[in-house]
Structure formats: C-alpha cells, structure tokens
Number of protein chains: 2
Amino acid sequence: MRVVTDRLPHTLRSDALDNRERILDAARALFSADGLDVPMREVARRAGVGPATLYRHFPTKQALVADASADQLQACRAIVDEGCADPDPWRGLCMVIEKICELHALDRGFTEAFLSAYPGVTDVAAGREYTVQEVAELARRAKEAGRLRSDFVLDDLILVLMANKGIHAASAATQVKASRRFSGLVIQAFEACPRHAPLPPAARLASAPPQGLSR
Amino acid sequence: MRVVTDRLPHTLRSDALDNRERILDAARALFSADGLDVPMREVARRAGVGPATLYRHFPTKQALVADASADQLQACRAIVDEGCADPDPWRGLCMVIEKICELHALDRGFTEAFLSAYPGVTDVAAGREYTVQEVAELARRAKEAGRLRSDFVLDDLILVLMANKGIHAASAATQVKASRRFSGLVIQAFEACPRHAPLPPAARLASAPPQGLSR
DNA sequence: ACCCAGACGGACGGGGGCGTCCGTTACCGT
DNA sequence: ACGGTAACGGACGCCCCCGTCCGTCTGGGT
C-alpha cells in the first residue's frame with residue numbers, strides 16, 4: 001500500500017483533461033444505450049484511448065459509473081426539487097413519477113446505477129437516498145391532501161422504478177412511449193379512489209442485486 | 001412440419017435418458033434462480049455430466065431453454081385456460097394477471113424466455129402467442145362487461161409482464177410478495193373507473209412478428 | 001531551446017466461457 | 001459372455017475480457 005497518496009497535482013495536463021472528457025463522453029453514450037454491462041475496453045476504444053489511460057483516470061468501474069452518472073443524478077434531484085416546490089403535492093408527485101420514469105427510460109445505465117446501490121458508487125446511492133427521502137415528504141403531503149391512497153408506502157416507489165426498468169423496446173422513442181403509458185397506469189393506481197380495494201401487503205425492497213458491474 | 005428426419009433410433013439408452021433428465025433438472029433449477037445467463041458448463045457441472053454430453057443432448061442453448069421451460073409454459077396455458085373458463089371475465093382476467101405475475105416472479109429464466117429476452121426459442125414464443133391471444137378474447141369480454149377500462153390494449157399486458165420482470169428481490173418470498181403488490185396495483189389501474197383520466201397512448205411492444213420467413 | 005515529470009498506449013499473462021474432437025466406458029441385443 | 005456401438009467426458013484451441021507493466025512521447029515550466 002502506498003503511504004503518501006496525497007500531494008497529487010490538482011491540475012491535470014491539457015491532454016489528460018481532454019482524454020478524461022472523451023472517456024466520460026464515451027461512457028455516457030455507451031452506458032446510456034447498453035447499460036453498465038459494457039466492457040471497459042469498449043469505452044476506451046470509443047474514446048480513442050488505450051486501456052491504461054482509462055484505468056489511470058478511473059481505477060475501478062464504479063468510479064467511472066459514478067462520474068458518468070453525475071449529470072443524470074443532478075437531473076434527478078432537480079426533478080424531485082421541482083415536484084416538492086409544487087403547491088399541489090399530488091400534481092408534484094405525479095410529475096416526479098412521470099419525469100423520473102422517462103429519465104430512466106432514456107438512460108439504461110443510469111437506471112442500473114440508481115437501482116443497484118452498489119458499494120463504491122456511493123455518490124449515486126446517496127443521490128437515490130436523497131430522492132427517496134424527498135419523495136417521502138411529498139407523498140406525506142399528497143396523502144394529507146386526500147389525493148394519494150393512504151396505503152401507499154415508499155417501497156411502492158422503488159417497486160415502480162424497478163418495474164419501469166424491466167420495460168424494453170426497440171427504439172428510444174418507443175421506450176419513452178411505453179414508459180409514459182406505464183407511469184400513467186401506475187399514477188392512476190396510486191390515486192385515492194373509493195372504488196379501490198385494499199392492496200396486497202408491501203414488500204421490503206432495500207436494493208437490487210449488483211448486476212453488470214462484475215466485469 | 002416434420003419431414004423424414006426419423007432415421008435415428010427414437011429410443012435412448014437408459015444412461016442417456018437418465019443424463020438427459022438430470023441435465024433438464026439442473027437447467028430448470030439454475031435458470032429459475034439465476035436466469036438464462038448461466039454458462040452451459042455450469043449446467044453440466046450441476047448435472048454431473050461432461051460438457052460434450054450436454055451439447056449432445058442439446059446442441060444449442062435455445063434447445064435446452066425450450067425443453068427446460070416446457071413445464072412452466074404448460075402452467076401458463078393452464079392459468080389462461082382457467083381464466084377463460086371463469087363466467088366472470090373480469091375476475092378471470094384478474095386471476096390470470098396475478099397468477100402469471102407470480103409464476104414469473106418464481107422463475108426468472110422462464111420469464112426471460114417468455115418475453116423473448118432470448119431469441120430463437122420458438123416453442124416458448126409460440127406459447128406466448130397462444131397466451132396473448134386467449135387473453136385478448138378474455139379482455140374483450142371483460143370490456144363488454146364494463147369492468148375493464150375501454151382504452152386497455154393487449155400491449156398493456158406485455159408492458160405489465162415486462163415491468164414485472166424488472167422487479168427483483170433478495171429472497172423468493174420477497175419477490176413473490178413484491179410481485180403480488182405490483183399486480184394488485186396494475187389491476188386497479190386496469191379497472192374501469194369514472195374518475196380515471198385517459199391514459200397516454202400505448203406503445204407497440206410486440207417483438208415476435210418478423211420471424212419464420214427466411215431461414 | 002531544453003528537460004523531465006506526467007501522460008500515453010501497446011503488449012502481456014491470467015482467467016473463463018465457448019463448441020468440438022477423440023479415446024474410453026458400459027449398455028444391450030444376441 | 002461377448003461383441004458392437006451408442007454414449008460418455010476429459011482435454012483442446014479459440015476468443016474476449018480483465019488489470020498491469022513498461023518503453024515512448026509530449027506538454028509546459030524554466
């Protein structure tokens with residue numbers, strides 16, 4: 001083990017910075033389209049760099065995933081914040097569900113990172129926690145307003161996101177269309193309605209199995 | 001349509017028959033728990049046979065998947081037939097959705113085969129077509145009875161099954177629990193209800209049609 | 001212009017899955 | 001009991017991915 005790991009120059013050389021950006025661009029594109037199950041080599045090839053350069057910038061796949069997912073994570077937080085800011089909590093909640101489902105439909109890799117809670121992708125895991133907690137408050141208010149069914153639990157949100165992840169289509173356009181239809185259905189199921197029978201008990205869904213990061 | 005492929009002895013030797021059964025048992029167990037992404041070697045190991053024996057009995061993975069899924073496929077047909085036999089089409093439809101979701105929750109490999117996650121398993125694909133067509137008739141009757149929302153389309157069923165596939169949990173028990181909660185939600189979303197707003201347009205998800213023309 | 005640390009990438013050894021070949025085993029009919 | 005052959009499985013060569021080493025190159029400070 002190295003002892004003195006600090007003392008690194010915090011300024012990268014221009015070519016190194018350039019490569020770093022191209023690697024992240026490549027990773028974003030590939031992860032988004034194909035999920036996290038992409039060989040590191042493939043990312044390097046697409047970025048036009050050698051494997052060693054890739055590993056120098058991102059020693060582990062988790063590090064790469066975390067940095068490549070930063071934008072989407074930010075988008076996620078923005079959606080949730082916007083939903084919470086809506087004076088009508090039910091409308092805000094619906095918007096959050098729709099938008100997040102759509103976001104996930106457009107970025108398979110981010111979806112996997114978001115739902116996996118893989119040790120090492122701590123940034124994403126923390127982002128998910130933030131999202132979930134914010135939505136918890138939003139849901140509380142929506143229940144209070146009598147619009148969200150009283151037997152809704154937070155795990156239902158995870159359930160919906162996992163389910164949304166299962167939806168696959170040939171084209172991105174179809175994917176989004178299907179995802180929209182799905183979130184529409186789910187929202188109507190969540191809406192408080194006297195005709196609705198009680199639901200089966202909810203299940204504890206802490207996290208999904210770490211899939212795709214093993215390579 | 002089989003031509004005159006029969007020249008070989010249709011009677012396997014006793015040890016061969018025994019191995020075939022053990023291979024299928026191993027495949028069923030592994031596919032069910034871990035999905036179809038299991039190395040052929042792993043199936044062979046579990047069955048206690050060499051790789052060559054496995055490949056002799058099942059030249060391709062599709063062949064193995066098809067035979068290993070036969071039971072579940074039969075169960076699927078039985079569920080659908082039972083649902084169609086119910087004098088109350090809405091109750092029959094609900095039962096079909098619940099039971100099939102549960103079946104899929106308990107067998108990940110079959111789910112993947114059923115949803116054509118694995119191309120070329122024609123038997124299973126045909127079974128799915130049968131299922132879907134039977135449910136189509138059931139749905140028609142449920143709409144006629146005014147219990148199923150009029151804007152339900154068959155692709156919604158595929159959508160639900162794909163979504164159900166996305167749900168993963170640590171234990172089989174939790175998995176089934178989550179799946180039940182999920183099917184409960186979607187059933188309520190499907191139920192005709194004056195308070196329900198119209199849904200976003202459905203997406204074409206059928207992934208079967210262009211098959212069997214060439215080759 | 002010079003220099004050298006920081007950055008690059010080709011190449012290497014290891015591991016695992018794939019599908020097949022071929023020498024050996026043992027089932028089954030006579 | 002015996003022979004022929006169906007059936008077996010260890011072993012092979014192939015390919016892809018992994019993470020690292022090391023010789024080469026170049027950016028940017030003097």
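Below, chains carry the letters A, B, ... as their sequence lines are ordered, and counting in each starts from 1. No experiment lies behind these values; they were computed from the predicted model shown.
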[X] has an atom [atom1]; how far is it from atom [atom2] of [N], in whole Å?
X       : N      : atom1 : atom2 : result
B:Met40 : C:dG19 : CE    : C1'   : 10 Å
B:His57 : D:dA7  : NE2   : C1'   : 8 Å
B:Leu30 : C:dG17 : CG    : P     : 13 Å
A:Asp18 : D:dC25 : CG    : C1'   : 16 Å
A:Asp15 : D:dG29 : CG    : P     : 13 Å
A:Leu54 : D:dG19 : CG    : P     : 10 Å
B:Ile23 : D:dA7  : CD1   : P     : 12 Å
B:Tyr55 : C:dG17 : OH    : P     : 11 Å

Open item on the list: If you assign each of A:Gly50 and B:Ser14 to its closest nucleotide in DNA chain C, which residue comes earlier from the 5' end?
Closed with: A:Gly50

Open item on the list: On DNA chain C, compare the nucleotides closest to B:Arg45 and A:Val49; which residue's is nearer the 5' end?
Closed with: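 It is A:Val49 whose nearest nucleotide is closer to the 5' end.
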
Open item on the list: Strictly below 4.0 Å, N to O, side chains only: are A:Asp34 and A:Arg108 in salt-bridge contact?
Closed with: no

TODO: State whether A:Glu102 and A:Arg180 are salt-bridged, where the test is any N-O pair (Lys NZ or Arg NE/NH1/NH2 against Asp/Glu carboxylate O) under 4.0 Å.
DONE: yes

- [ ] Could you check whether B:Ala52 gets within reach of a base, just the sugar-phosphate, or nothing at all, counting any heavy atom under 4.0 Å?
- [x]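 Base contact.
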
TODO: Answer with base, sugar-phosphate or nothing: what part of the nucleic acid does B:Thr53 contact at a heavy-atom distance below 4.0 Å?
DONE: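 Base contact.
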
TODO: Check A:Asp37 against A:Glu112 and note the closest heavy-atom contact, atom names and distance.
DONE: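 Scanning both residues completely, I find the closest heavy atoms to be N-OE1, 4.3 Å.
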
Let me check something: any side-chain donor-acceptor pairs from residues 64-85 of chain B under 3.5 Å, sequence neighbours excluded? List them with distances.
residue : atom : partner  : partner atom : Å
B:Asp67 : OD2  : B:Arg20  : NH2          : 2.8
B:Ser69 : OG   : B:Val65  : O            : 2.7
B:Gln72 : NE2  : B:Asp107 : OD2          : 2.7
B:Asp81 : OD1  : B:Tyr130 : OH           : 2.8

Task: Polar side-chain contact B:Arg41-C:dG19 base: donor and acceptor under 3.5 Å - done: yes

Task: Heavy-atom donor-acceptor pair, B:Arg56 side-chain to D:dG9 base, under 3.5 Å - done: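 Side chain to base: pair present.
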
Open item on the list: At less than 4.0 Å, is any side-chain N or O atom of A:Asn19 found next to OP1 or OP2 of C:dC8? Yes or no.
Closed with: yes

Open item on the list: Of the options C:dG10, D:dA11, D:dC8, whose atoms approach the side-chain atoms of A:Pro51 most closely?
Closed with: C:dG10

Task: Candidates C:dA7, C:dA11, D:dA11 - which lies nearest the side chain of A:Arg13 - done: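 Selected nucleotide (nearest to the side chain): C:dA7.
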
TODO: Mind telling me whether B:Phe110 and B:His104 have parallel, tilted or perpendicular rings, with 30° and 60° as the class edges?
DONE: perpendicular

